[in-house]
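See below for the structure under consideration.
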Amino acid sequence: MENSPFTVERLLQLPVFRGSEIMAGHAGIAKEIYYISSVEMPDLTGFLRPNELIITTGYAFRHEPMLLCRLLDEMHRIGSSAIGIKTRRVIQEVPAEALYKSNLYGIPLFDIPLENSFIDMTHAVIDQVLQRQAFLLREVREVNQQFTNLVLNRRTTELVVLIGNMLACEAAVLKEDGEIESATSQFDVRQIQQKRPIQVGSRVMGYLAISRELKEQERFERMCLDHAVTVLAIDFTIRQSQQLQREREQESFLVELFSGSAHQEDLLRYRAKQLGISLRQYHYVIVMRVQSKVEMAQKERDEQLAQVYHLLLQKLNKPGVHARKGVVINDSLLVLCSSAFAEADKQKADAEALMRELALLQEEFSAQWQLAVGIGGAREHLADVPASSREAYKAIAVGAKTRPKQEMVHYHEILVEDLLLDNTGHPVLAALTSMLIEPLVRYDEEYGTELLATLGAFLQSGGNTKRVAEEMFIHRNSVLYRLERIGEILQTDLNDPEVRFRLDVAMRVWKTQGVDIHSFE
């Protein structure tokens, strides 16, 4: 009988309780008993326990029988199981109000024969409770062993099904954000009645949800649920450890890849595949550089910058196989991207999609920080990825000088500037800037005009004066006047294609002054 709950009904079948008769509260005979206490105090507030059996001589109620009603109220509040009284010892009759409350609360109130020894009754009840407890512990230990084996063998779905069968309900393991990770076949989030957090340390990693509320008396089921949560915490710990190890390996691989220290293509592809990095036909690099908008102490800046990059990496490096992975190197976030397309516009579209994903995150720090993005050209071989990263760095540095209003610059947009940077200091380029740019700079400084800016907008727009006027917020006639003045100062015809070409080259050389060409090596 140890596998059966020790109820009030079974209690009254024990030899030491022979002759006991239930006076009221018959509806509660199925209540399980966990404890027994022999008490003679009128007020047990704060001392009673759930599923407790109280036996008494009634001595505390001899002068005021109605105190028995107060005891029943407290037993009902706590969830005690039953009360036995030797009615013929001290009190001869139980008050009708007490019998009424016994029936109302479903707490069996039974009469104990005078000759029955409290000590014998206590020993008998404790023996039954311990037998039942030992049985439950053996059962739970076996269940825990099953749970542990399933977790260690990474069979979480089977574990969830087993939990559902044991608790006779639907069950599921939910991720931290509430997404279903594994569940029984009929599970529906709308049916969740109880949700237990799965914690690793102080962090909640997920939840175990079931479709019914376990009752207090369902001790075995509650113990099973407790053990399930414990082993799932082990499972989450294992997965977290594996994920951290994979992230470290991915970071090491990316650092090695971007540095150019590894050149064996087959080995690079094998390692990338093992680390869950998706590879397509082409590979290119996006470099993101976070820059401060406000003045702050170096230590504060470094701490906040590290936090911003950490948040960006969390968004980028989601667990699983993805077509892009990032790593922070020297105050820049480098992202390895794979694509089926080699065209610059396709890469830029992918980068714009990535920026949309990060948009909400950007809003959080946009007041203090700004993001500059450079995109390198596509390569078919992983071993050539370092060249793409250098191009991405160039796109950021050159773009800041030539396209300051663009947050994102592709290397193909600054090809001419890159060519000119390779020839920095060439006498022809120096002559062009001396003849075509410096006179306008001096004029602007002397008269406070914007001729050089107007010329730059004119060249960039392809000679569209209407667009120049809109960009500079001036009337088109003012644009025409400034262009005429530029022609006079330089003694050139701005409508001559050859002149425009030379002006464009000179302007690009001027704008890229100060760019450190050695920083990309």
Side-chain angles (χ1 to χ4, degrees), residues 291 293 343-353 355-356 359 362 366 370-375 377 391-392 394-421 429 432-515:
Q291 298 164 327
K293 292 182 182 179
E343 294 81 5
D345 60 336
K346 296 288 188 182
Q347 295 168 28
K348 201 165 182 182
D350 286 344
E352 287 170 349
M355 298 310 294
R356 284 193 295 272
Q362 284 181 260
S366 59
Q370 63 183 13
L371 197 60
V373 181
I375 308 169
E391 292 172 354
K394 285 183 180 180
I396 289 179
V398 176
K401 297 278 190 177
T402 61
R403 291 169 171 78
K405 295 182 180 180
Q406 274 187 231
E407 181 186 62
M408 181 186 305
V409 179
H410 194 286
Y411 174 69
H412 286 190
E413 296 177 84
I414 54 105
L415 284 173
V416 175
E417 285 83 355
D418 190 25
L419 176 63
L420 295 173
L421 282 170
L429 299 180
L432 283 174
T433 57
S434 177
M435 290 186 298
L436 302 176
I437 301 298
E438 290 178 7
L440 298 179
V441 172
R442 289 192 295 269
Y443 188 91
D444 283 342
E445 290 176 351
E446 184 175 354
Y447 297 101
T449 55
E450 293 183 295
L451 297 186
L452 186 63
T454 304
L455 177 60
F458 176 74
L459 295 171
Q460 203 162 27
S461 69
N464 189 326
T465 54
K466 181 181 178 182
R467 192 187 305 172
V468 174
E470 291 173 351
E471 181 180 331
M472 301 194 70
F473 302 102
I474 58 177
H475 196 277
R476 185 166 176 269
N477 289 339
S478 298
V479 175
L480 295 174
Y481 169 77
R482 291 182 184 183
L483 294 174
E484 183 180 349
R485 190 76 189 102
I486 291 170
E488 293 173 356
I489 295 170
L490 301 179
Q491 297 182 357
T492 57
D493 180 6
L494 298 186
N495 293 316
D496 185 336
E498 177 66 22
V499 171
R500 283 197 192 179
F501 173 72
R502 294 186 180 190
L503 284 168
D504 187 53
V505 172
M507 183 66 73
R508 291 172 189 264
V509 172
W510 182 263
K511 285 184 176 181
T512 53
Q513 285 183 339
V515 175

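Values below: every heavy atom of this structure, side chains too, minus hydrogens, waters and symmetry copies.
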Query - Pairwise side-chain contact, Val505 with Phe501, heavy-atom cut-off 4.5 Å (strictly under) - result: yes
Report task. Please test Thr454 against Arg482 for side chain to side chain donor-acceptor pair (under 3.5 Å), starting from the C-alpha separation and ending with a verdict. Result -> CA-CA 7 Å; Thr454 304; Arg482 291 182 184 183; 3.0 Å; yes
Query raised in the report: When rounded to the nearest 0.5 angstrom, what distance separates CD in Glu407 from CD in Gln370?
Result: 9.0 Å
Query raised in the report: Do Trp510 and Val441 pass the side chain to side chain contact (heavy atoms under 4.5 Å, CB included) test, and can you show the C-alpha distance, the side-chain angles, and the key distance before you say yes or no?
Result: CA-CA 11 Å; Trp510 182 263; Val441 172; 3.6 Å; yes
**Report entry** For Ala395 against Ile375, the heavy-atom pair lying closest together
**Finding:** CB-N, 4.1 Å
Query raised in the report: Mind checking whether Gln460 and Arg403 have side chains closer than 4.5 Å, heavy atoms only?
Result: yes
Report task. Take Leu490 and Leu503 through the side chain to side chain contact (heavy atoms under 4.5 Å, CB included) test and state the conclusion after the steps. Result -> CA-CA 10 Å; Leu490 301 179; Leu503 284 168; 3.8 Å; yes
Report summary line: Minimal heavy-atom distance between Met408 and Gln406, with the atoms involved, is O-NE2, 2.9 Å
Query raised in the report: How far apart are the closest heavy atoms of His412 and Gly377, and which atoms are they?
Result: NE2-CA, 4.4 Å
Query raised in the report: Is it true that Lys348 and Glu352 make a salt bridge, defined as a side-chain N closer than 4.0 Å to a carboxylate O?
Result: no
Query - Nearest-0.5 Å distance, NZ of residue Lys394 to CD of residue Glu417 - result: 11.5 Å
Report task. Decide yes or no on salt bridge (charged side-chain N to carboxylate O under 4.0 Å, His left out) for Arg442 and Glu445, but give the supporting numbers first. Result -> CA-CA 5 Å; Arg442 289 192 295 269; Glu445 290 176 351; over 6 Å; no
Query raised in the report: Can you list the residues that meet the salt bridge (charged side-chain N to carboxylate O under 4.0 Å, His left out) rule with Lys511, with sequence neighbours excluded?
Result: none
Query raised in the report: What's the verdict on side chain to side chain contact (heavy atoms under 4.5 Å, CB included) for Val409 and Val398, showing C-alpha distance, side-chain angles and the deciding distance?
Result: CA-CA 9 Å; Val409 179; Val398 176; over 6 Å; no
Query raised in the report: Which pair of non-hydrogen atoms, one from Pro439 and one from Ile489, has the smallest distance, and what is that distance?
Result: CB-CG2, 4.1 Å
Query raised in the report: Any Lys/Arg nitrogen of Asp504 or Arg508 sitting under 4.0 Å from an Asp/Glu carboxylate oxygen of the other?
Result: yes
Report summary line: In terms of heavy-atom contacts, Ala457 and Met472 come closest through CB-SD, 4.4 Å
Report task. Could you tell me how the ring of Tyr443 sits relative to the ring of Tyr447: parallel (under 30°), tilted (30 to 60°) or perpendicular (over 60°)? Result -> tilted
Query raised in the report: In Å, rounded to the nearest 0.5 Å, how long is the span from CG of Leu420 to CD1 of Ile414?
Result: 10.5 Å
Query raised in the report: When rounded to the nearest 0.5 angstrom, what is the spacing between OH in Tyr411 and CG in Asp418?
Result: 3.5 Å
Query raised in the report: Atom CD1 of Ile486 and atom CG of Leu451: how far apart are they, to the nearest 0.5 Å?
Result: 5.0 Å
Query raised in the report: Counting distance only, does the side-chain N/O of Asp444 pair as donor-acceptor with the main-chain N or O of Leu452 below 3.5 Å?
Result: yes
**Report entry** Value rounded to 0.5 Å, distance of CD in Gln491 from CE in Met435
**Finding:** 12.0 Å
Query raised in the report: Does the side chain to side chain contact (heavy atoms under 4.5 Å, CB included) test come out yes or no for Glu413 and Thr402, once each step is laid out?
Result: CA-CA 10 Å; Glu413 296 177 84; Thr402 61; over 6 Å; no
Requested in this report: Measure across Ala506 and Thr433 and return the closest heavy-atom pair with its distance rounded to 0.1 Å.
Outcome: O-CG2, 3.6 Å
Query raised in the report: With distance as the sole test, does Arg500 use its side chain to make a donor-acceptor pair with the main-chain N or O of Leu494 at under 3.5 Å?
Result: yes
Query raised in the report: Using 4.0 Å as the upper bound for N to carboxylate O, is an ion pair formed by Arg485 and Glu488?
Result: yes
